[in-house]
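The first residue in the sequence is number 1, and the count goes up from there. For the numbers below, each heavy atom of this structure counts, side chains included, while hydrogens, waters and symmetry mates do not.
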Amino acid sequence: MTTLRASIFILFVGLCVNAQTPGPAKGTDRTDVTNVRKIQFVREKFDPKRDPKADLVEAVTKAAAAGKRIILDVGGEWCVWCVYMDRFFVENPPLEKLREDNFVWLKINMGPENENKAFLSAYPEANGYPHLYVLDAAGKLLKSQDTSALEQGNGYNLMKFTEFMRTWSPKKEAR
């Protein structure tokens, strides 16, 4: 009899614990944004000590060899939208693949430690950050992109960002 009582007690406790963990109501497809999985990722940071001129020379070499274009991602560690953009790529693997397949991505620091004024003076002034400059494989400016046009709410719009990336990807020759 004691074993039966113990089994009933364990079953009862299990039912009570499950009853305290609410799930979606029947017939609903509820998404609770507070429970969205947080993706841990390592990101390349904006480094005020880097030499953007030397980095661009290296990027041109890589882009020319790989048939890619270059994107200058101008921002800083102080810029929350810069971090959002890095996370956005990680959270959207097809977009990240589009970026990796078509662009050499180069972060240029713009912040109190180093504004890189001399380097950035060759490009149209940015009205906000992050700001993207699309260059051809030789380093010639093709597009100056204010990223606020790619935003939606407290993040980025996947369709707009994908369209931007596709539009400025190099045209691949048919084999």
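Separating the CZ atom in Arg50 from the CG atom in Leu106 is a distance of 8.0 Å, to the nearest 0.5 Å. To the nearest 0.5 Å, atoms CG (Asp101) and OG (Ser169) are separated by 8.5 Å. For the atom pair Ile70 CD1 and Leu141 CG, the distance stands at 11.0 Å (nearest 0.5 Å). One distance of note links SG of Cys79 with CE of Met85; it measures 7.5 Å at 0.5 Å rounding. Atoms NZ and CD1, from Lys143 and Ile71 in turn, are 11.5 Å apart once rounded to the nearest 0.5 Å. Between Tyr129 atom OH and Ile108 atom CD1 the span is 12.0 Å, to the nearest 0.5 Å.
Contact of the Lys49 side chain with the Asn114 side chain is not registered, since no non-hydrogen atoms from C-beta on lie closer than 4.5 Å. Taking 4.5 Å as the limit, every side-chain heavy atom of Phe119 sits out of range of all side-chain heavy atoms of Asn109. In this structure, Met165 and Asn102 have side chains that are not in contact, with every pair of non-hydrogen atoms separated by 4.5 Å or more. Annotation: side chain of Arg69 is in contact with side chain of Phe103 (closest heavy-atom distance under 4.5 Å). Put simply, the side chain of Leu72 reaches to within 4.5 Å of the side chain of Leu56, judged on heavy atoms. Under the 4.5 Å side-chain criterion, counting only non-hydrogen atoms from C-beta, Asn92 is not in contact with Phe161. Inter-residue side-chain proximity for Tyr133 and Pro124 is flagged as met; some heavy-atom pair is nearer than 4.5 Å. Within the 4.5 Å cutoff, side-chain heavy atoms of Leu150 are placed close to those of Gln145.
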Review point. Checking side-chain contact (heavy atoms from CB on, under 4.5 Å) for the pair Asn157/Phe164: CA distance, chi angles, key distance, verdict?
Key: CA-CA 11 Å; Asn157 179 294; Phe164 166 74; over 6 Å; no
Exercise for review: Carefully, step by step, assess Asp86 and Lys107 under the rule side-chain contact (heavy atoms from CB on, under 4.5 Å).
Suggested key: CA-CA 11 Å; Asp86 290 343; Lys107 288 192 172 200; 2.7 Å; yes
Exercise for review: Check step by step if ring pair (Phe, Tyr, Trp, His ring centres under 6.0 Å) holds for Trp81 and Tyr156.
Suggested key: CA-CA 9 Å; Trp81 282 94; Tyr156 290 96; 5.4 Å; yes
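Clustering ILVMFWY residues whenever any of their side-chain heavy atoms sit less than 4.5 angstrom apart, transitively, puts Val104 in a cluster other than the one holding Leu142. A continuous path of ILVMFWY side-chain contacts below 4.5 Å connects Trp168 to Trp105, so both sit in one hydrophobic cluster. Under the 4.5 Å side-chain heavy-atom criterion for Ile, Leu, Val, Met, Phe, Trp and Tyr, Val90 and Leu132 are members of distinct hydrophobic clusters. The cluster map of Ile, Leu, Val, Met, Phe, Trp and Tyr, joined by side-chain heavy atoms under 4.5 Å apart, puts Val74 and Trp78 in the same cluster.
Listed by first and then second residue, the salt bridge (Lys or Arg N to Asp or Glu O under 4.0 Å) pairs involving residues 108-133 are Glu115-Lys117 (not counting sequence neighbours).
Every residue two or more places apart in sequence or in another chain that forms a side chain to side chain donor-acceptor pair (under 3.5 Å) with Asp146 is listed here: Ser148. With sequence neighbours excluded, no residue forms a side chain to side chain donor-acceptor pair (under 3.5 Å) with Asp136.
Shown here for Leu158 and Thr162, the closest heavy-atom pair between the two residues is O-OG1, 2.7 Å. The shortest heavy-atom contact between Phe46 and Asp73 is CE2-O, 3.2 Å. Scanning all heavy atoms of the two residues, the minimum distance from Leu135 to Tyr123 falls at CD2-CE2, 3.8 Å.
Enclosure of atom CZ in Arg99 by more than 12 non-hydrogen atoms of other residues, nucleotides or ligands within 6.0 angstrom is indicated. Heavy-atom neighbours of Arg166 CZ from other residues, nucleotides or ligands within 6.0 Å: at or below the threshold of 12.
A side-chain N or O of Glu163 and one of Thr167 form a donor-acceptor pair less than 3.5 Å apart.
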